[in-house]
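As structure tokens, the structure follows; a few thoughts come after it.
This one's a predicted model, so the numbers in the text were calculated from it and none came from an experiment.
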Amino acid sequence: MSQSQGSQPSSSGTPSISGLRLQDTSSDPPTPSKHASDIHVSDGDADDDEKVHYDQYGRIIIVHEGDGFIPSNITTRIITKATKKLYDGPYATWSKFPFSLKEQIFNQFKCVWEHRYSAEVAANFLLKARKRLSHSFSKARKLNQKLDWLLQNLWEDLQRQWLTAKFLEKSEKGKKARASEKGGSLHTGDAISLGTIKRRMIRNC
């Protein structure tokens, strides 16, 4: 996979996700944030049916597709690992995250893409981060089991929030809305994007 000739690549080195827009960056490697060196993702995190391409600085080259990215699994792992590592307060939902924390997490997204798709990349990043957090917390609530990356005091605070009438009402409304959108089915496909599922179906036909 290569950048289109004449197209300026962007990266998450100096992000601004407000308004789902990203600041321009040069093709030089971004200055790492104070957390950047701790996030490592290997080719083993990629789906079996997808290839991972890197630029000359070792950054993953991505393309937005639907509500996800190509490559899919490895980018999801980066977002999930960064969220787990930087989670520092009892935020029950992604919308409760302070903007500064969302920006720190986005700083870990060491990928490159064509500049013209920066808005789509930012939107997909935010959507995927929200879905992965929701999935993790939903599973923890159902099993009543603390996630291994959560500090005990944060886990206890989250449990109290999950039992409030306000949260239960909001959760029920969300569940009904998702069921309505999917014709009564609550299957989410976990971390697999619709684009990945479509490619697998075509290959298996």
On a heavy-atom basis, which atom in Ile78 and which in Gln108 lie closest, and how many Å separate them? CG2-O, 3.5 Å
What closest approach, in Å, do His53 and Lys51 show between heavy atoms, and which atom pair accounts for it? NE2-CB, 3.9 Å
How far does CZ of Arg77 sit from OG of Ser72, to the nearest 0.5 angstrom? 10.5 Å
Within this structure, what is the NZ-CD1 distance for the pair Lys110 and Ile60, rounded to the nearest 0.5 Å? 12.0 Å
Can any side-chain N or O of Thr80 pair as donor or acceptor with the backbone N or O of Thr76 at less than 3.5 Å? yes
Can you see which heavy atom on Tyr91 is nearest to which on Lys96, and at what distance? CD2-O, 3.5 Å
Would a hydrophobic clustering, with Ile, Leu, Val, Met, Phe, Trp and Tyr connected at side-chain separations under 4.5 Å, put Leu147 with Leu151? yes
Report the distance from atom CZ of Phe69 to atom CD1 of Ile61, rounding to the nearest 0.5 Å. 15.0 Å
Which pair of heavy atoms, one from Gln161 and one from Pro90, lies closest together, and at what distance? NE2-O, 2.7 Å
State, yes or no, whether a side-chain contact exists between Lys131 and Trp94 at a heavy-atom distance under 4.5 Å. no
Return the minimal non-hydrogen interatomic distance between Leu163 and Leu168, and the atom names on each side. O-CD1, 3.8 Å
The complete set of salt bridge (charged side-chain N to carboxylate O under 4.0 Å, His left out) pairs with one or both residues in residues 157-166, sequence neighbours excluded, reads none
Not counting sequence neighbours, which residues clear salt bridge (Lys or Arg N to Asp or Glu O under 4.0 Å) with Glu169? List them please. Lys173
Any pair counted as side chain to side chain donor-acceptor pair (under 3.5 Å), so long as it reaches residues 142-156, sequence neighbours left out: Asn144-Gln159, Gln152-Glu156, Trp155-Gln159
What I'd like to find out is whether the side chain of Thr75 reaches to under 4.5 Å of the side chain of Asn124, using heavy atoms alone. no
Between CG of Leu101 and OG1 of Thr83, what distance do you get to the nearest 0.5 Å? 8.0 Å
Strictly distance-based, threshold 3.5 Å: is any side-chain N or O of Tyr87 a donor or acceptor partner for the main-chain N or O of Gly89? yes
Rounded to the nearest 0.5 Å, the CG atom of Leu133 sits from the NZ atom of Lys84 at a distance of 11.0 Å
In one Ile/Leu/Val/Met/Phe/Trp/Tyr side-chain cluster, 4.5 Å: Tyr54, Ile79: yes
Where the side chain of Gln104 meets the backbone of Leu86, is there a donor-acceptor pair that is under 3.5 Å apart? no
Non-neighbouring partners of Arg141 that pass side chain to side chain contact (heavy atoms under 4.5 Å, CB included), sequence neighbours left out: Phe137, Ser138, Trp162, Phe167, Ser171
Do the ring planes of Phe125 and Phe106 sit parallel (below 30°), tilted (30 to 60°) or perpendicular (above 60°)? perpendicular
Could you state the interatomic distance from CG (Asp88) to OG (Ser100), rounded to the nearest 0.5 Å? 8.0 Å
Residues two or more places apart in sequence or in another chain: which of them pass side-chain hydrogen bond (donor to acceptor under 3.5 Å, both in side chains) with Thr93? Ser95
